[in-house]
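First, the structure itself, so that you have it in front of you.
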2 protein chains.
Amino acid sequence: MTEHEERRLIDRQAGMADANSKSQFTIGDLAREFGTTLRTLRFYEDKGLLNPRREGQQRLYSRRDRARLGLILRGKRVGFSLSEIREMLDLYDLRDGQVTQMRVALSRFEKQVDNLRRQKEDIEEAITELSRTIEIVGGILKEKERQSA
Amino acid sequence: MTEHEERRLIDRQAGMADANSKSQFTIGDLAREFGTTLRTLRFYEDKGLLNPRREGQQRLYSRRDRARLGLILRGKRVGFSLSEIREMLDLYDLRDGQVTQMRVALSRFEKQVDNLRRQKEDIEEAITELSRTIEIVGGILKEKERQSA
DNA sequence: AATAACGCTTACGTAAACGTCAACTGCAAA
DNA sequence: TTTGCAGTTGACGTTTACGTAAGCGTTATT
């Protein structure tokens, strides 16, 4: 079965009625719930972000795995790379009492906010530059149209 | 000579006193003036963005080439990919009287502004989400510190 | 028995924009 | 003549986050 077909299957199913009551999840369960693909989950595992147990060949995800996946996806949304996320999760596993770990995370989050702010500024500058160009080009265009009229 | 060494050479030279009086430029001239590398200029040529003439083996850039390079770099700054830039430059070369060409460019610029606005929104959302997380984590941390005191 | 639904693995492909090497050539100054 | 600087041409490497292909196994249903 190709990934494409897999996705169609995922898309057309919804019934996650008991997602919170369950304590074990298949790879398909999680893909559906979080709107990702099987490939992605396997990829994350390959990168050491997830470690579901195996029932024979099959992956079985615990509630903890599921929570980790949630953290991974949030991390992505806010612009962390997978390797950064991995580091933080590893750190989280060490739990040296959590306080130190939380402090570390906190400072990374703050740094990332700075990054995002910088990116935002870059984009704003680009918008400004492009808008200026648009006005200039637009002006010339109008001029030309006036002449040819 | 490695790229690293090349860059050092570039960095330590400045004298572009006559950059505007000249009409011919070596690859090093342009790299210095625009703050890029030789490799980059060769790469752009490879991608069909630049077409300097040759004096034997050596590349010789005209003022027109130099202007094109300026456009390329502006295009990059505002978020166009090299292939998009290439298309627009090619279009520019056709000069069907320029008006049609300018209209095409104009609409692309406007689309790109939309893209940039969207990107900006995404970043703003990320900032919001991360800030919320920071507050939560920060709150818990304070709580813990209070307890241990 | 066949098909569907779910899962598995290996492994190559993709896009973007160059960086990094290697191995030369040409020219001028010391 | 030996450096040193400037330039040349391949061609492979890098990064990120998966997509896609291909082929195979397991259950449950039809």
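As the structure is a prediction and not an experimental result, all values here were calculated from the model. Numbers restart at 1 for each chain; the letters A, B, ... are given by sequence-line order, proteins then strands.
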Exercise for the section: Looking only at side-chain atoms of B:R39, point me to the closest of C:dA17, D:dT8, C:dT20. Expected result: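 Ranking C:dA17, D:dT8, C:dT20 by closest atom to the B:R39 side chain puts C:dT20 first.
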
Practice task
May I have the distance from B:E45 (atom CD) to D:dG7 (atom P), rounded to whole angstrom?
Solution key: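 It is 14 Å, rounded to the nearest whole Å.
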
Handout entry: Short side-chain donor-acceptor distance under 3.5 Å, B:D122 and B:Q119
Key =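 Absent: no donor and acceptor within the cut-off.
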
Problem - Rounded distance (nearest 0.5 Å) linking atom CZ of A:R32 with atom CZ of A:F25 - result: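 A:R32 CZ to A:F25 CZ: 11.5 Å, rounded to 0.5 Å.
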
Handout entry: Interatomic distance, A:L38 CG vs C:dC6 P [rounded to whole Å]
Key =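 That distance rounds to 10 Å.
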
Exercise for the section: Respond yes when some side-chain nitrogen or oxygen of B:T37 is under 4.0 Å from OP1 or OP2 of C:dG19, and no when none is. Expected result: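 For C:dG19, OP1/OP2 do have a side-chain N/O of B:T37 under 4.0 Å.
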
Practice task
Mark yes or no for whether B:E84, through its side chain, and B:S81, through its backbone, hold a donor-acceptor pair below 3.5 Å.
Solution key: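 Such a contact is found between B:E84 side chain and B:S81 backbone.
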
Exercise for the section: Mind grabbing the angle between the end helix axes of the helix from C:dA1-D:dT30 to C:dA30-D:dT1? Five pairs an end, 10° rounding. Expected result: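 Computed from the C1' atoms at both ends, the axes differ by 30°.
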
Handout entry: A:T40 side chain, from C-beta outward: closest of D:dA11, D:dC18, D:dT9
Key =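 The nucleotide sitting nearest to the side chain is D:dC18.
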
Practice task
Spell out yes or no: do the side chain of B:R42 and the base of D:dT8 have one donor N/O and one acceptor N/O closer than 3.5 Å?
Solution key: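 Under the 3.5 Å cut-off, the side chain and the base do not form any donor-acceptor pair.
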
Problem - Atom-pair distance (OH on B:Y44; C1' on C:dC18), nearest Å - result: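 Those two atoms, OH and C1', are 8 Å apart.
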
Problem - Presence of salt bridge, A:R42 and A:D46, under 4.0 angstrom - result: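 No, no charged N to carboxylate O under 4.0 Å.
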
Practice task
Indicate, with a heavy-atom threshold strictly under 4.0 Å, whether A:S83 touches base, sugar-phosphate, or nothing.
Solution key: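 Result for A:S83 = nothing.
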
Practice task
Look at the side chain of A:Q57 and decide which nucleotide, out of D:dA17, C:dA17, C:dC8, has an atom nearest to it.
Solution key: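 The closest nucleotide is C:dC8.
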
Handout entry: Separation of atom NZ in B:K76 from atom C1' in C:dA15, rounded to whole Å
Key =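 In whole Å, C:dA15 C1' and B:K76 NZ are 14 Å from each other.
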
Exercise for the section: To the nearest 0.5 Å, tell me how far B:I140 CD1 sits from A:Q98 CD. Expected result: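 One gets 9.0 Å once the value is rounded to the nearest 0.5 Å.
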
Practice task
Measure from CG on B:L69 to P on C:dA17 and round the result to the nearest Å.
Solution key: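 The answer, rounded to whole Å, is 15 Å.
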
Problem - First of A:T26 and B:F80 reached from the 5' end of DNA chain C, by closest nucleotide - result: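 Its nearest nucleotide lies further toward 5', so the answer is A:T26.
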
Handout entry: Minimum-distance nucleotide to B:R54 side chain [options: D:dC18, C:dC8, D:dT8]
Key =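 From the listed options, D:dT8 comes nearest.
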
Practice task
Quick one: closest heavy-atom pair of A:A126 and B:R77, and the distance?
Solution key: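 It is CB-O, 3.8 Å.
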
Exercise for the section: Measure the distance from CZ on A:R77 to C1' on D:dA17 and round it to the nearest whole Å. Expected result: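 For the pair A:R77 CZ and D:dA17 C1', the rounded distance is 17 Å.
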
Problem - Lys/Arg-Asp/Glu bridge criterion (N-O < 4.0 Å) met for B:D29, B:K22 - result: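 Salt bridge between B:D29 and B:K22, a charged N being under 4.0 Å from a carboxylate O: yes.
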
Handout entry: Sugar-phosphate only, base, or nothing, as touched by B:K47 at under 4.0 Å among non-hydrogen atoms
Key =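 B:K47: no heavy atom of the nucleic acid under 4.0 Å.
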
Handout entry: d(CG, A:L41; C1', C:dG7) in whole Å
Key =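 In whole Å, C:dG7 C1' and A:L41 CG are 12 Å from each other.
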
Problem - Rounded distance in Å - CD1 (A:I27) to C1' (C:dT9) - result: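 So the CD1-C1' distance, A:I27 to C:dT9, works out to 12 Å.
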
